[in-house]
Amino acid sequence: MSQTGRQAKNQAQSAAGRAENSEALDWLAAAGLIALGVVHVVVGWLAVQLALGDREGSASSSGALKQLAEQPFGAILVWLVALGMALLVVWQVVKVVAGHRDEEDDKKRLAKRAISGGKAVVYAVIAFSAVQVATGSGGGGGGTDSTTAKIMNLPGGQLIVGAVGLGIIAVGVALLVMAWKEKYLDRLDAEGRSGRTGTIYRWLGRVGHVAKGIALGIVGGLFLYAAVTHEPDKSGGLDQALTKVLDQPFGPVLLTLMGLGFAAYGVFCFAWARHLDR
């Protein structure tokens, strides 16, 4: 790299470092977390509705956005969610560039920055879906199975789909480990972790992370099954994973619990926004 290139890189990292420690970024992150919480609460509500026999709504982030759009001032709500998700993208991109500097191990720091990059992609996808719903352009065909079919038609497509499945399962397992070790509490400041309020947040976070971890594990399993059997229609997103839960013995009870878990994660996001720890 040339001297000019190194200087530009250092200047970018310095600017990102200042941004990471700025109060303005904290406010942006908090606004985004509130939007993320709203999406999870609505997904949880849709899951409970599905458990009670209403199969019209899609218990997924896109389904939650469509549900919001049907409410009074729905278009404004969806645009606010889109803005919130975009703010989360900015937050995570800053972390990719200059975040996690408290981690002394270089490999762990790079791993955490990679995770932040993955989160930025997820938040960007939700933001894009919100814009589609808000503008009325999100009702087209396709879906997870058609996307999987296109990937499978590529050279090594089955391996790609299988790798995606393993990656999703890994995220689900990481959420379960986070719930077990209560690592999610590290996201809250000292006030958010203490006292009776801290106990409530602890349980909201644990239940929410367990529900998300199980759901993502099922989603990843669907992708793996599709890769092994070469049946792209067997893959699926969150809505199909929750439908699989519904089809099991005691399915309505299990799905209701998972829906409540997603709602708990949403409320935890509200707490995270209020007690965001730098």
Side-chain angles (χ1 to χ4, degrees), residues 20-21 23 25-48 51 59 61 64 81 84-85 87-88 91-92 95 99-103 108-109 111-112 115-116 118-120 122-123 126 168-220 238 241-242 245 250 253-278:
E20 186 191 22
N21 293 322
E23 186 175 348
L25 186 65
D26 289 346
W27 281 103
L28 294 181
L33 289 170
I34 291 172
L36 185 65
V38 169
V39 171
H40 279 82
V41 168
V42 178
V43 168
W45 183 81
L46 289 171
V48 173
S61 58
V81 169
M85 292 299 103
L87 295 177
L88 287 182
W91 182 36
Q92 294 304 317
K95 285 183 173 294
H100 310 292
R101 288 178 296 176
D102 56 335
E103 181 59 65
K108 290 183 178 180
R109 187 187 309 114
K112 288 184 177 181
I115 292 172
S116 293
K119 289 180 178 180
V122 172
Y123 297 148
I126 298 176
I168 295 173
I169 290 173
V171 174
V173 171
L175 288 172
L176 293 175
V177 172
M178 187 177 292
W180 175 259
K181 295 184 177 182
E182 296 185 338
K183 294 293 290 181
Y184 52 86
L185 291 176
D186 295 343
R187 299 168 174 172
L188 307 180
D189 60 20
E191 182 184 355
R193 294 194 296 266
S194 61
R196 182 178 179 183
T197 301
T199 301
I200 295 173
Y201 293 163
R202 175 179 287 108
W203 281 104
L204 286 171
R206 173 171 288 177
V207 172
H209 282 78
V210 167
K212 282 199 68 173
I214 293 173
L216 288 178
I218 297 172
V219 172
L238 179 60
L242 295 179
V245 173
F250 305 104
V253 175
L254 294 174
L255 185 55
T256 298
L257 292 175
M258 289 189 69
L260 293 174
F262 269 85
Y265 187 91
V267 177
F268 178 78
C269 286
F270 300 152
W272 187 2
R274 181 180 178 184
H275 298 283
L276 182 65
D277 188 14
R278 294 192 180 191

request  = Any chance you could lay out the side chain to side chain contact (heavy atoms under 4.5 Å, CB included) test for Leu176 and Val210, step after step, and finish with the verdict?
outcome  = CA-CA 5 Å; Leu176 293 175; Val210 167; 4.2 Å; yes
query = Is a side-chain donor or acceptor of His275 paired with a backbone partner of Ala271 at a separation under 3.5 angstrom?
reply = no
inquiry  = Quick check: closest heavy atoms across Leu238 and Val43, and the distance to 0.1 Å?
reply    = CD2-CG1, 3.9 Å
Shortest non-hydrogen separation from Ala47 to Leu242 and the atoms involved = CB-CD1, 4.0 Å
message = Students often mix this up, so state it plainly: with edges at 30° and 60°, are the rings of His40 and Phe262 parallel, tilted or perpendicular?
response = parallel
Pairwise distance OG1(Thr197) to CG(Leu188) - rounded to 0.5 angstrom = 11.0 Å
remark   = Output for pair (Asp186 CG, Lys181 NZ), nearest 0.5 Å, gives 11.5 Å
remark   = Separation between CG (Leu257) and CZ (Phe250), nearest 0.5 Å, reads 12.5 Å
message = Suppose we screen for side chain to side chain contact (heavy atoms under 4.5 Å, CB included). Which residues come up paired with Val219, at least two apart in sequence or across chains?
response = Ile168, Phe223, Ala241
key: Atom of Ile34, atom of Phe270 and distance for their closest heavy-atom approach   = O-CE2, 3.3 Å
key: Spatial distance of atom NE2 (His209) from atom CG (Leu204) [nearest 0.5 Å]   = 11.0 Å
ask   = Do the non-hydrogen side-chain atoms of Met178 and Lys212 ever get within less than 4.5 Å of each other?
value = no
query = Quick one: salt bridge (Lys or Arg N to Asp or Glu O under 4.0 Å) pairs with a partner in residues 197-208, sequence neighbours left out?
reply = Glu182-Arg202, Glu182-Arg206
ask   = So, for Ala211 and Met258, which heavy atoms are closest and what is the spacing to 0.1 Å?
value = O-CE, 3.7 Å
ask   = Which is it for Trp91 and Leu276 under the side chain to side chain contact (heavy atoms under 4.5 Å, CB included) test, yes or no, and what are the steps along the way?
value = CA-CA 12 Å; Trp91 182 36; Leu276 182 65; 4.0 Å; yes
query = Is the shortest heavy-atom distance from the side chain of Val207 to the side chain of Phe268 under 4.5 Å?
reply = no
message = Quick one, Val81 with Val39, criterion side chain to side chain contact (heavy atoms under 4.5 Å, CB included). Give me CA distance, side-chain angles, the key distance, then yes/no.
response = CA-CA 8 Å; Val81 169; Val39 171; 3.8 Å; yes
query = Atom CD1 in Ile214, atom CG in Leu175: separation rounded to 0.5 Å?
reply = 10.5 Å
query = Gly266 and Val41: which non-hydrogen atoms are nearest, and at how many Å?
reply = CA-CG2, 4.0 Å
query = Which heavy-atom pair separates Lys95 from Ser116 by the least distance, and what is that distance?
reply = CB-OG, 3.7 Å
